[in-house]
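Take a look at the structure below.
Predicted model only: the values in this text are computed from it and were never measured.
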Amino acid sequence: MHDKSTGDVGYERQQGGPQADSHQARITQIEEFINEVLKRDLRELEDWIGQYNQEIMEYVQLKNTLQTFDAHLPEGYKTQVNIGSNVFMQARVTQMDKILVNVGKDVFLEMSRAEAESFSDVRIKILTKEADVLRDESIKKRTQIKMSLLAIGERAKLMQQEVRQ
C-alpha cells in the first residue's frame with residue numbers, strides 16, 4: 001500500500017511463520033531506507049538542481065538584457081533608481097560601455113558589454129554541466145528507489161507464496 005498523504009512506502013502486513021517474519025523485517029528495512037535515505041537525497045538533489053537552474057536563468061537574462069541594449073538602446077535609456085528608503089529618482093543612463101557584473105559572492109567586476117556577454121556564456125556552460133551531473137545523480141536515486149520497490153514487491157510475493165503453502 002502506498003500512503004499518499006505522507007509519500008511513505010508501506011505494504012500491508014500479513015501473518016505467517018518465522019520465514020514470513022524475516023521477509024517482513026527485510027521489507028520494513030527497505031521501506032525505511034527508501035523513506036529516510038533515498039527520498040531525502042532525492043529532495044536535496046532536486047533543491048540543488050533548482051538553485052542551478054535559477055542561476056542559469058539569471059545569466060541568460062543578463063545576456064538577453066545586454067543584447068537588447070545593443071540592438072534597441074544605443075543612446076541609453078531612462079530608469080528609476082532607488083536612492084534609499086524606497087525613494088526613487090528618475091535617471092538617464094547614457095554611457096553604457098562599461099557595466100558592473102556580479103561574478104559571485106557579491107563581488108562585482110567592471111566589464112565591457114562584450115566581456116559581460118562572454119562571461120555569461122561561460123557561466124551558463126559551467127552551470128549547465130554542473131546541473132547535468134546533479135540530474136544524473138537524481139536519475140540514479142530514482143532508479144535506486146524503483147529497484148528497492150521491486151525488491152519489496154518480490155519479498156511480498158515470497159511471503160504470499162509461503163502463506164499459501
Side-chain angles (χ1 to χ4, degrees), residues 1-11 26-154:
M1 158 173 87
H2 180 74
D3 184 0
K4 292 180 183 173
S5 64
T6 62
D8 289 346
V9 175
Y11 284 86
R26 185 66 178 141
I27 287 173
T28 302
Q29 190 179 27
I30 295 169
E31 289 172 349
E32 289 173 356
F33 179 69
I34 291 171
N35 293 322
E36 294 174 12
V37 177
L38 295 178
K39 285 187 176 183
R40 181 197 66 222
D41 291 349
L42 185 60
R43 277 190 300 274
E44 288 174 2
L45 284 168
E46 295 297 329
D47 289 344
W48 279 105
I49 291 168
Q51 290 176 12
Y52 274 95
N53 287 339
Q54 183 178 358
E55 198 170 345
I56 289 168
M57 290 308 300
E58 288 174 7
Y59 283 108
V60 168
Q61 184 178 7
L62 171 63
K63 185 176 175 182
N64 291 340
T65 301
L66 294 171
Q67 290 171 346
T68 299
F69 285 164
D70 283 340
H72 302 292
L73 303 169
E75 286 90 35
Y77 64 98
K78 289 183 184 179
T79 187
Q80 291 190 353
V81 177
N82 186 347
I83 59 173
S85 301
N86 287 327
V87 174
F88 289 83
M89 181 176 165
Q90 184 130 2
R92 179 156 183 81
V93 178
T94 55
Q95 188 177 13
M96 298 191 324
D97 55 337
K98 297 283 184 184
I99 59 172
L100 294 175
V101 177
N102 184 349
V103 295
K105 304 284 186 193
D106 287 335
V107 174
F108 291 83
L109 291 180
E110 186 175 288
M111 297 182 187
S112 69
R113 283 189 280 176
E115 290 171 332
E117 276 188 57
S118 177
F119 176 77
S120 294
D121 287 337
V122 169
R123 287 299 296 159
I124 290 169
K125 287 178 186 173
I126 290 170
L127 291 169
T128 301
K129 285 183 181 181
E130 290 175 357
D132 287 344
V133 169
L134 292 176
R135 283 186 196 93
D136 290 343
E137 286 298 314
S138 174
I139 290 168
K140 289 177 186 175
K141 288 295 175 191
R142 290 175 195 273
T143 302
Q144 287 177 329
I145 290 171
K146 286 181 183 179
M147 294 303 291
S148 298
L149 291 173
L150 288 173
I152 289 173
E154 290 300 315

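Ionic pairing of R113 and D97 is not present here: no N-O contact between side-chain nitrogen and carboxylate oxygen is shorter than 4.0 angstrom. Taking the charged nitrogens against the carboxylate oxygens, K140 and E137 do have a contact shorter than 4.0 Å, which makes a salt bridge.
Of the possible donor and acceptor atoms, one in the side chain of S148 sits under 3.5 Å from a partner among the backbone N and O of Q144.
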Discussion item. Run M57 and Q61 through side chain to side chain contact (heavy atoms under 4.5 Å, CB included) and show every step you take.
Written reply: CA-CA 6 Å; M57 290 308 300; Q61 184 178 7; over 6 Å; no
Fill in: Worked verdict on Q80 versus M89 for side chain to side chain contact (heavy atoms under 4.5 Å, CB included)
CA-CA 5 Å; Q80 291 190 353; M89 181 176 165; over 6 Å; no
Item to complete: Report the C-alpha distance between K63 and L66 in whole Å, list the side-chain angles of each, state the deciding distance to 0.1 Å, and finish with yes or no for side chain to side chain contact (heavy atoms under 4.5 Å, CB included).
Response: CA-CA 5 Å; K63 185 176 175 182; L66 294 171; 5.6 Å; no
Item to complete: Take L134 and Y52 through the side chain to side chain contact (heavy atoms under 4.5 Å, CB included) test and state the conclusion after the steps.
Response: CA-CA 9 Å; L134 292 176; Y52 274 95; 3.4 Å; yes
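Between I124 and T128, the closest heavy-atom pair is O-OG1, 2.6 Å. Considering every non-hydrogen atom in both I49 and A131, the closest pair reads CG1-O, 4.5 Å. Contact detail for S120 and L62: the closest heavy-atom pair is OG-CD2, 3.1 Å. Of all the heavy atoms in K98 and S112, the pair that sits closest is CD-N, 4.1 Å. What you find for A116 and M111 is that their closest heavy atoms are CA-SD, 3.8 Å. Of all heavy-atom pairs between L127 and E55, the closest is CD1-CG, 3.7 Å.
Here the CD1-OG1 distance, from I99 to T65, works out to 9.0 Å after rounding to the nearest 0.5 Å. Here the CZ atom belonging to R40 is positioned 8.5 Å from the CZ atom belonging to R43, to the nearest 0.5 angstrom. Once rounded to the nearest 0.5 Å, the distance linking CD1 of I56 with CD of Q51 reads 12.0 Å. Taking CE from M147 and CD1 from I30, the interatomic distance works out to 11.0 Å, rounded to the nearest 0.5 Å.
The closest side-chain heavy-atom distance from Q90 to K78 is below 4.5 Å. Looking at V101 and L109, their side chains never come closer than 4.5 Å, going by heavy atoms from C-beta outward. Contact check for R123 versus V103: no side-chain heavy atoms found under the 4.5 Å cut-off. Residues R142 and L42 meet the side-chain proximity criterion, which asks for heavy atoms closer than 4.5 Å. Within the 4.5 Å cutoff, the side chain of E31 has no heavy atoms near those of the I34 side chain. In this structure, D132 and R135 have side chains that are in contact, with non-hydrogen atoms separated by less than 4.5 Å. Taking the side chain as every heavy atom from C-beta outward, F33 and L38 approach each other to under 4.5 Å.
Using cut-offs of 30° and 60° for the angle between ring planes, the F119 and Y59 rings count as perpendicular.
Residues meeting the side-chain contact (heavy atoms from CB on, under 4.5 Å) test with T68, sequence neighbours left out: H72.
Counting heavy-atom neighbours within 6.0 Å of E44 CD, excluding the residue itself, gives a total above 12.
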